[in-house]
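Nothing here was measured: the structure is a model prediction, and the numbers come from that model.
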Amino acid sequence: LIPEKFEIFKKNKKEIQKLQPKKLSGKTKPSEARFAPNQFADLTQEEFIEKYLTLDVASIKEMKEEQHKKGRSLLPTTTEIPKSWDWRDHGAVSSLKHQQECGSCWAFTTAATLESQYLMKTGKEIELSVQQLIDCDKTNKGCHGGVMNKAYKYLQNNDLLLAEEYPYENDDSFACRYDGRKGLLG
């Protein structure tokens, strides 16, 4: 397995070198991407897709179709959208997190959205339990994908605890340990 992974790494390293921007006058422009080996460098494209691209696209299409049949849009249609908006300028970005091997981007996104809203309202940064969503929201697929809208529906009937009360395990084999107690956002 190790020699096979090393071969994958060498192949990916060649691709990384091809993608490097050409330096003009010895400098890379700040707007240009820079590439380097990282924790994904020994994965094939198929392995990366299987582990990390787990968004439940079929459920999103289903929700869009359902909303269309009802004559609704998932996006607001009356708000003018500015040409540029950086949430960092508005104190609304929570801290960076890493889902590791668990395909739980839907749960991280759900928690991060609520953390950012809380930050904007109170000025205080909190970390909510992603693991609670993974374990307890049975309408999503734990580490195998999901969608935020289903997680929000779960949260209409359940409080979301702080991460320190229900820490991230990078695993979806646990039974739900939420006991109905009040969370910070309840």
Joint hydrophobic cluster, Tyr166 plus Leu162, side-chain heavy atoms closer than 4.5 Å: yes
Trp106 side chain vs Asn149 backbone, donor-acceptor pair below 3.5 Å: no
Rounded distance [0.5 Å steps], NZ in Lys153 versus OG1 in Thr139: 8.5 Å
Nearest heavy atoms of Ala151 and Leu133, plus distance in Å: CB-CD2, 4.4 Å
Which atom of Ile8 lies closest to which atom of Glu47, heavy atoms considered: CD1-OE1, 4.4 Å
Phe108 ring center near Tyr168 ring center (under 6.0 Å): yes
Contact summary for Asp171 and Asp135, nearest pair of heavy atoms: O-OD1, 4.1 Å
Ser116 side, atom OG; Glu125 side, atom CD - distance, nearest 0.5 Å: 8.5 Å
CG-CD distance between Asp42 and Glu7, expressed to the nearest 0.5 angstrom: 12.5 Å
Non-hydrogen side-chain atoms of Leu161 and Leu128 separated by less than 4.5 Å: no
Smallest separation among heavy atoms of Lys5 and Leu43, with atom names: NZ-CD2, 3.9 Å
Closest contact, heavy atoms only, Tyr178 versus Asp159: OH-N, 3.1 Å
Backbone N/O of Val147 and side chain of Asn140: donor-acceptor pair under 3.5 Å: yes
Common cluster, Leu119/Leu160, ILVMFWY with side-chain heavy-atom separation under 4.5 Å: no
Atom CD of Glu164 with >12 non-hydrogen neighbours under 6.0 angstrom: no
Note, Arg177 side chain near Gln132 side chain (heavy atom, < 4.5 Å): no
Where Cys102 and Ile134 come nearest, the two heavy atoms and their spacing: SG-CD1, 4.0 Å
Asp172 side-chain N/O to Cys143 backbone N/O, donor-acceptor pair under 3.5 Å: yes
Lys97/Glu115 ion pair, N-O < 4.0 Å: yes
Steps toward side chain to side chain contact (heavy atoms under 4.5 Å, CB included) verdict (Phe174, Cys136): CA-CA 9 Å; Phe174 299 103; Cys136 304; over 6 Å; no
Step-by-step side chain to side chain contact (heavy atoms under 4.5 Å, CB included) determination, Lys14 to Lys11: CA-CA 5 Å; Lys14 284 181 186 175; Lys11 180 181 174 198; 5.9 Å; no
Shared hydrophobic cluster for Tyr152 and Tyr154 (ILVMFWY, side-chain gaps under 4.5 Å): yes
Spacing of NZ belonging to Lys150 relative to NZ belonging to Lys138, to within rounding of 0.5 Å: 13.5 Å
Nonpolar side-chain network containing Leu19, other nodes, edges under 4.5 Å: Ile16, Phe35
Verdict with supporting geometry, Thr110 and Leu155, side chain to side chain contact (heavy atoms under 4.5 Å, CB included): CA-CA 10 Å; Thr110 302; Leu155 292 171; 3.9 Å; yes
CD on Gln117 to CD1 on Ile126, rounded to 0.5 Å: 10.5 Å
